Asker: 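I'd like to ask you about the structure that follows.
We're numbering straight along the sequence, starting at 1. All figures in this text were calculated on a predicted structure; none of them were measured in a lab.
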Amino acid sequence: MKKLTVFIALLIVIVFGILFYSKVYYPTLPIDSVSKREVVNKGNSANEKIIKLAEEKGYEWYISKINQGNANEQLKQMMESKGWTFKEQMGAGFFFEKDNEEIIVESEMWTGKYVIFRMPKAH
């Protein structure tokens, strides 16, 4: 009986360890090519304020730590460095223009710490 209890306790520890390591408790990601664990690691270890996650489904995907609500400003700064001018924000959409072209960058709160941005790839 004691061996069974020890085995069950060890199994529970292993299962919880795997769940914690894989970050399965985080919300679903809108992209498939990057795992939740990779996203969290990139977000925590990067020196940049906004980090490119992937190119998928015709979009470029970025993540930013919220850091006192300045993720939106970080997006605007990144886009301005690429020559885009911020026009306006409507809800979760950020409108930018350059050379009579307009793009919309959409944002999504992924967790309480991170915002994910989706922008059209052809820009």
Asker: If every non-hydrogen atom of Val115 is compared with every non-hydrogen atom of Ser107, which pair is closest and at what distance?
Answerer: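 Taking Val115 first and Ser107 second, the nearest heavy atoms are CG1-CB, 3.9 Å.
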Asker: Are the side chain of Gln89 and the backbone N or O of Gly91 linked by a donor-acceptor pair below 3.5 Å?
Answerer: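 Checked: pair present.
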Asker: Determine whether Met90 and Phe86 fall in the same hydrophobic cluster, where Ile, Leu, Val, Met, Phe, Trp and Tyr are linked whenever their side-chain heavy atoms lie under 4.5 Å apart.
Answerer: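 Looking at the clustering, Phe86 is in a separate group from Met90.
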Asker: Could you tell me if the side chain of Phe117 sits less than 4.5 Å from the side chain of Trp61, heavy atoms only?
Answerer: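 Result no, sub-4.5 Å side-chain heavy-atom pair not found.
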Asker: Just by distance, do the side chain of Lys113 and the backbone of Lys65 share a donor-acceptor pair under 3.5 Å?
Answerer: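 Between the backbone of Lys65 and the side chain of Lys113 there is no qualifying donor-acceptor contact (under 3.5 Å).
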Asker: Looking only at the side chains, is there a donor atom on one of Glu56 and Ser33 sitting less than 3.5 Å from an acceptor on the other?
Answerer: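 Note: Glu56 and Ser33 side chains meet the donor-acceptor criterion.
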Asker: Please report the closest heavy-atom contact between Tyr62 and Met78, naming both atoms and the distance.
Answerer: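 Minimum heavy-atom contact is CE2-SD, 3.7 Å.
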Asker: Is there a donor-acceptor pair under 3.5 Å between the side chain of Lys98 and the backbone N or O of Lys82?
Answerer: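 The answer is yes, because a donor-acceptor pair under 3.5 Å joins these two groups.
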Asker: Spell out, as yes or no, whether a donor-acceptor pair under 3.5 Å connects the side chain of Lys76 to the backbone of Phe94.
Answerer: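 No, because the side chain of Lys76 does not come within donor-acceptor range (under 3.5 Å) of the backbone of Phe94.
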Asker: Is a side-chain donor or acceptor of Ser64 paired with a backbone partner of Lys49 at a separation under 3.5 angstrom?
Answerer: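 Such a contact is found between Ser64 side chain and Lys49 backbone.
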Asker: Do you know which two heavy atoms are closest between Glu102 and Phe95, and how far apart they sit?
Answerer: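 Looks like OE1-CD2, 3.7 Å.
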Asker: May I ask you to decide if Asn70's main-chain N or O and Glu73's side chain share a donor-acceptor pair within less than 3.5 Å?
Answerer: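 No, because the side chain of Glu73 does not come within donor-acceptor range (under 3.5 Å) of the backbone of Asn70.
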